[in-house]
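Below: the structure, in structure tokens.
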Amino acid sequence: MGLVNRVHPVEDLPRHTMHVAQTLAENSPLALKGMKKVFRFCLEHQGLSREREAEIDRLIIDAMRSEDAAEALKAFSERRKPQFKGK
């Protein structure tokens, strides 16, 4: 899944965990909701049913059509941090 790309000493783990959590929290709430749902699907089942794949496709399409996606593109072109609204 590509989730692990670093190994840290145990004493550094809380600091690095918070950094990753803060980085994730800066993303669009809709994107985070979709990611959590996809991870849950993958963890619950070895393979994805066609229905689950279709649901994941809908999540992606909905996220790409959202106000947050438009805000992300606008912020990128304006070289500023996006202000996501979860819409």
[atom1] of [X] to [atom2] of [Y]: how many Å apart, nearest 0.5 Å?
X	Y	atom1	atom2	result
E51	E55	CD	CD	10.0 Å
Q22	T17	CD	OG1	11.0 Å
M35	L59	CE	CG	12.0 Å
H19	H8	NE2	NE2	9.0 Å

* Are V38 and I61 co-members of a hydrophobic cluster defined by side-chain heavy atoms under 4.5 Å apart? -> no
* Counterpart residues, side-chain contact (heavy atoms from CB on, under 4.5 Å), relative to I60 (two or more places apart) -> I56, M64
* **Residues that S66 engages under side-chain contact (heavy atoms from CB on, under 4.5 Å), provided they are two or more places apart** => L30, D68, A69
* Asked: Between K74 and E67, is the closest basic N to carboxylate O distance under 4.0 Å?
  -> no
Which atom names give the shortest non-hydrogen contact between [X] and [Y], and what distance separates them?
X	Y	result
T23	N27	O-ND2, 3.2 Å
Q83	R80	N-NH1, 4.3 Å
P82	E71	CA-OE2, 3.5 Å

* Atom CZ of R50: over 12 foreign heavy atoms under 6.0 Å -> no
